[in-house]
Amino acid sequence: MRIKLRTTNFEHTPAIDALAEEKLVAPIEKRLSHVDATNDILLDIEFELTTRHHQKGEIWRAEAQLGLPHLAQELRAEATGESLREAVDIVKETLLREITRHQERERNE
């Protein structure tokens, strides 16, 4: 799996890498463990501080796009939250739900 992580309007630190690995990469790799490792899977992650002016409210945004080789369209999830962890948790749940839905469709075909 290739992982591309971007941050917008704040500094990219090792803690951000650890958050992405813990909350997104590890659960997705676990869910996709049945997929052939030679296939090219791309996980594109973006974390953003939507405003530099405000200090409260839903100012954090997380987005993840998962490209599977046998799927023409990418699986995508986006969320905003009061903290980056909150937004990432919502994205994780949404993306795992999309993966499950995709896997169920494959089984029924």
Side-chain angles (χ1 to χ4, degrees):
M1 178 183 301
R2 291 184 304 145
I3 300 154
K4 182 179 173 185
L5 176 62
R6 289 186 311 248
T7 58
T8 306
N9 295 331
F10 71 101
E11 187 178 341
H12 187 125
T13 63
I16 297 299
D17 290 332
L19 175 69
E21 175 67 32
E22 173 192 350
K23 296 287 188 172
L24 290 174
V25 176
I28 289 171
E29 283 180 339
K30 184 177 179 181
R31 185 67 57 96
L32 294 175
S33 62
H34 70 282
V35 176
D36 185 13
T38 60
N39 287 336
D40 193 22
I41 299 171
L42 175 63
L43 179 61
D44 187 15
I45 304 168
E46 181 179 5
F47 297 149
E48 178 183 15
L49 180 61
T50 58
T51 178
R52 293 183 184 204
H53 175 73
H54 296 93
Q55 300 298 314
K56 296 182 196 173
E58 293 189 347
I59 59 172
W60 292 96
R61 186 178 76 84
E63 176 183 335
Q65 295 182 16
L66 180 66
L68 298 173
H70 58 279
L71 187 63
Q73 190 174 10
E74 293 183 332
L75 302 177
R76 184 176 183 282
E78 180 179 357
T80 59
E82 292 185 5
S83 70
L84 184 57
R85 280 193 177 274
E86 179 184 346
V88 170
D89 285 340
I90 295 169
V91 165
K92 177 183 87 170
E93 294 302 319
T94 305
L95 200 55
L96 291 178
R97 197 174 325 119
E98 289 291 322
I99 292 169
T100 302
R101 186 179 303 150
H102 171 68
Q103 289 173 340
E104 288 174 358
R105 282 187 203 145
E106 280 185 339
R107 279 188 226 125
N108 292 334
E109 289 180 353

**Any side-chain heavy-atom pair of Ile41 and Ile28 under 4.5 Å** = no
In short, Pro27 meets Glu21 closest at the heavy-atom pair CD-O, 4.3 Å
(message) Tell me whether Ile90 shares a hydrophobic cluster with Leu96, the cluster being built from Ile, Leu, Val, Met, Phe, Trp, Tyr side chains joined at under 4.5 Å.
(response) no
### Query
Are any non-hydrogen side-chain atoms of Arg85 and Glu22 less than 4.5 angstrom apart?
yes
Using a strict threshold of under 4.0 Å (side-chain N to carboxylate O), is an ion pair present between Glu98 and Arg76?
no
**Prompt:** Short question: side chain of Thr50, backbone of Ile59 - any donor-acceptor pair under 3.5 Å?
**Reply:** yes
Rounding to 0.5 Å, atoms OG1 (Thr94) and CD (Glu78) come to a distance of 10.5 Å
Please say yes or no: joined through hydrophobic side-chain contacts below 4.5 Å, possibly via intermediate residues, are Leu42 and Val91 part of one cluster? no
Here the gap from Leu75 atom CG to Leu68 atom CG, rounded to the nearest 0.5 Å, amounts to 5.5 Å
- With the threshold set at 4.0 Å, does a side-chain nitrogen-carboxylate oxygen contact exist between Glu46 and Arg61? yes
Heavy-atom nearest pair, Val88 first then Lys23, reads CG1-CB, 3.4 Å
In this structure, CD of Glu11 is separated from CG of Leu49 (nearest 0.5 Å) by 12.5 Å
Between the CG atom in Leu43 and the CG atom in Leu5, the distance rounded to the nearest 0.5 Å is 9.0 Å
Rounding to 0.5 Å, atoms CD1 (Ile16) and CZ (Phe10) come to a distance of 4.5 Å
| message | Are the side chains of Thr80 and Trp60 in contact, using a 4.5 Å heavy-atom criterion? | response | no
- Message: Check this for me: Glu106, atom CD, are more than 12 non-hydrogen atoms of other residues, nucleotides or ligands nearer than 6.0 Å?
- Response: yes
To the nearest 0.5 Å, atom CD of Glu63 lies from atom CD1 of Ile45 at 10.5 Å
